[in-house]
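Data block below; observations after.
Note on naming: letters A, B, ... go to the chains in the order of the sequence lines (proteins, then strands), and numbering restarts at 1 for each one.
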Number of protein chains: 2
Amino acid sequence: MRSDSRLSRMLHVLIHMDQHEAPLTSEMIALMLNTNPVVLRRTMAGLRDKGYVQSEKGHGGGWKLSRSLDEISLLDVYLALGEPSVFALGPTSDHPSCLVEQAVNAAVGDALREAETHLLGRFAKVTIADIARDFGVRARDHGIQF
Amino acid sequence: MRSDSRLSRMLHVLIHMDQHEAPLTSEMIALMLNTNPVVLRRTMAGLRDKGYVQSEKGHGGGWKLSRSLDEISLLDVYLALGEPSVFALGPTSDHPSCLVEQAVNAAVGDALREAETHLLGRFAKVTIADIARDFGVRARDHGIQF
DNA sequence: GATCACGCAACCTGTATTGTTACATGTGTT
DNA sequence: AACACATGTAACAATACAGGTTGCGTGATC
């Protein structure tokens, strides 16, 4: 099954926005991400609604951060995207009449729920600034080639 | 994103096979699972190859367990299905040239890998017999209506 | 030898995600 | 005021993929 890369993409964009003083247009960003402007706007809409970024129209317009990267956690971005489903594994039907199926769903569901809680808990502890710092290390290792 | 229900389905089948002395045909099982015989055989092939079930052709043929349910863990079934991807979330591309993207993938990848290790560790501790026991409890609560 | 059941490859389908087009609205430049 | 730039959004098209279907082969039992 193909995985949803929107979370990674948005983190990627946010860090680039932080490195760049002037606003970034959807077209520039789409080029970086190998996607297209409309899809990008669609995805960024969630972040805008949550107040993490803002967009401006017209000349010199585009996207910019409305708050510092250390005030945005990985979880915040995840939530802004509408809490996309974490797992590619799942139960059969929502309301099985078969008792065996119910028992199976309970067992698998419990394990998945626990794993999800764990993962989101970790997401909550990582700020995008943390990731940006790691980028700084990598850049230094590569002789600062931006 | 739509989730892969094969794991739950296989657990479901295995427990039913345990409750049933005679072999179950693909057609009967497909009927139970609301799927069709060919898809079922496709999925069961992995379990057969690992030696958890066996199939026989001709009259009175079908599928039966080749080992006890307390000797099969949830992890075993997962592995038999070819280790389907656990997460619906993922990185962008495998070998990004952008250092920001690399940092993002590292951060997200670490969190996902940890969550996966955790989840599979839990899968390893649950046998299908455990789930079958829970089914027994549910059946008793419902006046044993099989 | 007729029927039953699995094995497997090739193809079709339904649907969710992603990409595209088109047009409206707002903003800054000339 | 006219124009170029940029986002916002709806409607539609293309794509990807899990699941479903058909068809034929093989072996087992009756």
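The shortest distance between the side-chain N/O atoms of B:T25 and the OP1/OP2 oxygens of C:dC6 is not below 4.0 Å. Within the structure, every side-chain polar atom (N or O) of B:T35 is placed at least 4.0 Å from both OP1 and OP2 of D:dG19. Of the side-chain N and O atoms in B:S55, none sit less than 4.0 angstrom from OP1 or OP2 of C:dA5. Contact check, A:R41 against D:dG8: no side-chain N or O comes under 4.0 Å of OP1 or OP2. For A:S26, a side-chain nitrogen or oxygen approaches OP1 or OP2 of D:dT7 to under 4.0 Å. An OP1 or OP2 oxygen of C:dT17 is reached within less than 4.0 angstrom by no side-chain nitrogen or oxygen of A:R6.
Rounded to whole angstrom, the span from the CE atom of A:M44 across to the P atom of C:dT18 amounts to 16 Å. Rounded to an integer number of Å, the gap from A:W63 CH2 to D:dT7 P is 7 Å. Atom CD in A:E27 sits about 12 Å away from atom P in C:dT20, given to the nearest Å. Taking atom CG on B:L33 and atom C1' on D:dA18, their separation rounds to 16 Å, with Å as the unit. Per the geometry, NZ belonging to A:K64 stands 14 Å off P belonging to D:dA6, to the nearest Å. Here D:dT21 presents its P atom at 13 Å from CG of B:L40, a figure rounded to the nearest Å. Going from atom CD1 of B:I29 over to atom C1' of D:dG20 covers 17 Å, rounded to whole Å. Taking atom CZ on B:R9 and atom C1' on D:dG19, their separation rounds to 9 Å, with Å as the unit.
With rounding to the nearest 0.5 angstrom, the OG1 atom of A:T35 is 11.5 Å from the CZ atom of A:R6. How far CG of B:L81 is from CG of B:L47: 6.0 Å, rounded to the nearest 0.5 Å.
The closest side-chain heavy-atom distance from A:M32 to B:E101 is not below 4.5 Å. Between B:M44 and B:Y52, the closest side-chain pair of non-hydrogen atoms is not below 4.5 Å. Side-chain contact between B:I131 and B:L74: present, with at least one pair of heavy atoms (C-beta onward) separated by less than 4.5 Å. At least one side-chain heavy atom of B:F123 sits less than 4.5 Å from a side-chain heavy atom of B:L7.
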Give the B/S/- string for nucleotides 25-30 of chain C, one per nucleotide from 5' to 3', where a protein heavy atom under 4.0 Å of the base yields B, of only the sugar-phosphate yields S, and otherwise -. BBBB--
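Here the shortest heavy-atom pairing between A:G60 and A:P23 reads O-CG, 3.6 Å.
Both A:R42 and B:R42 lie near DNA chain C, and the one whose nearest nucleotide falls closer to the 5' end is B:R42.
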